[in-house]
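Read through the structure below, which is laid out as structure tokens, and then see the notes.
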Amino acid sequence: MKRSYLGVIILAAILMMNIVFTQYMVHQYYYENYVNVLIFGGLNIVLFPLAVFAYKKTINMRA
Amino acid sequence: MSDKNNKIPFNEDNYTHNIERNNERKLDRRGFMKTLVGAAGVFAVSSLPWGAVAAKELMGLGEKEYPHKKITEVSKLPIGDAVEFKFPGDHDDAILIRLSENKYVAYQNACTHLRCPVFWVKEQSEMICPCHHGKFDVETGSPTAGPPRRPLPEIQVKVENGAIFAVRVKRYEA
Ligand code: FES
């Protein structure tokens, strides 16, 4: 049985984006650019359903 | 009576019969991916408070006017010296520096790197953070050396009747 690591790769990429967005959000908060905080906080939240979706799509995939 | 008792002691030499060793710590791809999805969820949830506070600031609720606070008397602060005070809250460290006869600057002196207290070095005319040797320009509060990237928030001061007052914390220009 061959395995697909595509899902793992996608999820790792999502987590990487999570880290980048969070870092950026916190810094923008201290710079008082509150609109950017909202944008990147929103992106962080959107990434979660995306991660669930990626999990469901790839979990039974065999390549 | 059940026949359970007939089997005690067990007819085996396995004294750890209640431990299932096989697969006990198995982390398969599915479990690993679930962990990753969970981590994404943690990130999403922990973004919420930042968004909430930012939204609050955007709606102008954070624009509080703090009561003007007396820092010190002009006569007690020679030129080139600095005095530390708290503004606007009781836990917000700040520093006032007298640069010349009539020129005062004040900053919130929590370093913008990791919040160590920045202090004034008269001999070098520099504000220095002891933790990782960050340096700040005394005229503007912007970082000149070391890890900090963001200027110190400036505090507007005024002189009245021989005393120096902290008025408000300036915003960064957008
Ligand atoms: S905390 Fe000031 S330089 Fe690191």
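In what follows, every chain begins at residue 1, and chains take the letters A, B, ... in the order their sequences are listed.
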Take A:Asn18 and B:Val42 through the side-chain contact (heavy atoms from CB on, under 4.5 Å) test and state the conclusion after the steps. CA-CA 10 Å; A:Asn18 266 144; B:Val42 170; over 6 Å; no

Evaluate the side-chain contact (heavy atoms from CB on, under 4.5 Å) criterion for residues B:Phe43 and A:Leu47: first the C-alpha distance (whole Å), next the side-chain angles of each, then the deciding distance (0.1 Å), finally the verdict. CA-CA 9 Å; B:Phe43 270 102; A:Leu47 280 181; over 6 Å; no

Let me see the working for A:Ile14 and B:Val37 under side-chain contact (heavy atoms from CB on, under 4.5 Å), right down to the final yes or no. CA-CA 9 Å; A:Ile14 287 179; B:Val37 173; over 6 Å; no

Check step by step if side-chain contact (heavy atoms from CB on, under 4.5 Å) holds for A:Tyr30 and B:Thr112. CA-CA 9 Å; A:Tyr30 283 108; B:Thr112 53; over 6 Å; no

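In this structure, B:Lys86 places its NZ atom where more than 12 heavy-atom neighbours from other residues, nucleotides or ligands lie under 6.0 Å away. Shown here is B:Phe32, whose CZ atom has no more than 12 heavy atoms of other residues, nucleotides or ligands within 6.0 Å. Applying the 6.0 Å contact sphere to NE2 of A:His27 captures no more than 12 heavy atoms from other residues, nucleotides or ligands.
B:Tyr104 and B:Leu99 fall into different hydrophobic clusters, where Ile, Leu, Val, Met, Phe, Trp and Tyr residues are linked whenever their side-chain heavy atoms come under 4.5 Å apart, directly or through other members. Taken together through direct or relayed side-chain contacts under 4.5 Å among Ile, Leu, Val, Met, Phe, Trp and Tyr, B:Val157 and B:Leu77 form part of one hydrophobic cluster. Side-chain heavy atoms closer than 4.5 Å link hydrophobic residues (I, L, V, M, F, W, Y) into clusters, and following such links, even through other members, never connects B:Tyr172 to B:Tyr107. Both A:Met25 and A:Leu50 are part of a single hydrophobic cluster, where members link through side-chain heavy atoms under 4.5 Å apart. The same ILVMFWY cluster, assembled from side-chain heavy atoms under 4.5 Å apart, contains both A:Met17 and A:Val26.
For A:Tyr29, the part lying under 4.5 angstrom from a heavy atom of chain B is the side chain only. Using a 4.5 Å cut-off between heavy atoms, A:Ile19 contacts chain B through both its backbone and its side chain.
A:Tyr31 OH to B:Arg149 CZ: the interatomic distance, rounded to the nearest 0.5 Å, is 8.0 Å. Rounding to the nearest 0.5 Å places CD of A:Glu32 at 8.0 Å from CZ of B:Arg150. Atom CG of A:Leu38 and atom CH2 of B:Trp50 lie 13.0 Å apart (nearest 0.5 Å). Distance OG/B:Ser47 to CZ/A:Phe40: 11.5 Å, rounded to 0.5 Å. With values rounded to the nearest 0.5 angstrom, B:Lys34 atom NZ is found 7.5 Å from A:Ile59 atom CD1.
By the side-chain contact (heavy atoms from CB on, under 4.5 Å) test, A:Val46 is found to be paired with no residue, residues two or more places apart in sequence or in another chain being considered.
Between B:Leu48 and A:Ile45, the shortest heavy-atom distance links the atoms CD2-CD1, 3.4 Å. Annotation for A:Thr58 and B:Arg29: closest pair O-NH1, 4.4 Å, computed over non-hydrogen atoms.
In this structure the side chain of B:Arg30 reaches within 4.5 angstrom of the side chain of A:Tyr55, judged on heavy atoms.
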